[in-house]
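Have a look at the structure below, then the notes.
Start at 1 and go down the list; that is how both ligands and their atoms are numbered.
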Amino acid sequence: MDLRIAHLYPDLMSIYGDRGNVLALAQRARWRDVAVEVRPYSAGVPFDAEWPDLLFFGGGQDVGQDIVGADLAGPGGDAVRRMVAGGAAALLVCGGYQLFGHEYVPEQGAPIPGLGMLDVRTRAGKKRFVGNLVADTPDGRLVGFENHSGRTYLGPEAKPLGTVVVGHGNNGEDRTEGAVQGRVIGTYSHGSCLPKNPWLADKLLGWALERRHGAVSLRPLDDAEERAASEQAALVARARP
Ligand code: GLN
């Protein structure tokens with residue numbers, strides 16, 4: 001079996017350790033004897049929409065988000081839509097999450113149209129949400145940290161990834177964190193998110209491998225260290241919300 005991972009805009013949208021999510025996905029697949037190829041998809045370079053099984057789209061500064069938003073308004077965005085329509089799974093963090101929605105409205109400047117692949121809308125708030133993040137989800141506890149001014153609000157097609165226990169999550173108002181729609185998952189959890197949340201990594205791997213190989217059963221890994229990291233992060237978050 002093989003796995004194809006597309007890292008979207010790695011040069012512009014990989015802050016706060018987000019690149020580590022690609023490393024975690026690739027390593028958890030390789031530990032299961034899955035051959036993995038990772039390809040960068042950068043602004044201004046033609047995207048092969050048929051290739052990826054799995055997309056990763058990280059967070060970035062507003063200036064990077066402007067450049068990426070402009071690229072997604074052209075053929076790059078059409079290609080990403082085709083990837084998702086073709087069954088690719090996707091993990092989006094923060095800025096990448098915001099740009100998968102309908103729009104991101106920064107504090108200054110014109111709204112940045114999103115891909116519309118998640119039924120969410122985001123507008124920048126005055127106060128940045130910075131700190132530890134813990135959320136309960138039906139598949140496990142999500143731990144990480146958040147750093148965003150965006151307030152994201154879900155429409156009826158998107159379901160929350162989880163419920164905030166510590167931190168602010170989507171908007172600091174409705175206690176939702178992240179969004180799930182089909183095989184697309186958005187979250188505000190930086191850090192990298194996946195090394196401390198192996199259940200989420202394996203969920204994405206299962207979806208991605210199914211695209212070309214049919215339903216797969218992933219061999220359980222020894223996640224003692226990952227669980228210890230999650231527990232430590234949750235303890236710190238509760239002590240220093
Ligand atoms: N610029 C966006 C915000 O502040 C995204 C930031 C990020 O990706 N960390 O909400």
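At a heavy-atom distance under 4.0 Å, no atom of Thr122 approaches ligand 1. For Gln98, every heavy-atom contact with ligand 1 shorter than 4.0 Å involves the side chain, none the backbone.
For the pairing with Asp18, the side-chain contact (heavy atoms from CB on, under 4.5 Å) check across Leu194, Val93, Leu92 returns one residue only, Val93.
Nearest residue to atom 6 (C) of ligand 1 from Gly59, Gly95, Gly60 is Gly60 (criterion: closest heavy atom).
For ligand 1, the polar-atom distance check against Ile15 finds no nitrogen or oxygen pair separated by under 3.5 Å. Considering backbone and side-chain N/O of Ser149, one or more are found under 3.5 Å from N/O of ligand 1. For Tyr16, no nitrogen or oxygen atom sits less than 3.5 Å from a nitrogen or oxygen atom of ligand 1, counting backbone and side chain alike. On a distance-only criterion, Asn147 and ligand 1 share at least one N/O pair closer than 3.5 Å.
Under a 4.0 angstrom heavy-atom cut-off, Glu146 registers as lying outside contact with ligand 1.
One finds no salt bridge joining Arg141 and Asp136 here, because no Lys/Arg side-chain nitrogen approaches an Asp/Glu carboxylate oxygen to under 4.0 Å. Looking at Lys196 and Asp223, no side-chain N of the basic residue comes within less than 4.0 Å of a carboxylate O on the acidic one, giving no salt bridge. Remark: Arg183 engages Glu210 in a salt bridge, criterion side-chain N to carboxylate O under 4.0 Å. Glu225 and Arg227 are not joined by a salt bridge, as no carboxylate oxygen comes within less than 4.0 angstrom of a charged side-chain nitrogen.
Atoms of ligand 1 found under 4.0 Å from any heavy atom of Gly150 (numbered from 1 in listed order, with element): 3 (C), 10 (O). Which parts of ligand 1 touch Tyr104 is read off a 4.0 Å heavy-atom cut-off, strictly below it: atoms 1 (N), 2 (C), 3 (C). The Asp62 neighbourhood of ligand 1 comprises atoms 1 (N), 2 (C), with distances under 4.0 Å to a heavy atom of that residue. Less than 4.0 angstrom separates some heavy atom of Gln65 from each of these atoms of ligand 1: 1 (N), 2 (C), 5 (C).
Summarising the geometry, atom OH belonging to Tyr153 is positioned 7.5 Å from atom CG belonging to Asp174; distances are rounded to the nearest 0.5 Å.
Proximity of the aromatic rings of Tyr41 and Tyr9 is defined here by a centroid distance below 6.0 angstrom, and this criterion is not met.
The list of side chain to side chain donor-acceptor pair (under 3.5 Å) pairs with a residue in residues 106-117, not counting sequence neighbours, reads Glu107-Lys126.
Shortest contact from atom 7 (C) of ligand 1 to any protein heavy atom: Cys94 SG, 2.9 Å.
Side-chain atoms of Thr122 and Glu103 include no donor-acceptor pair closer than 3.5 Å.
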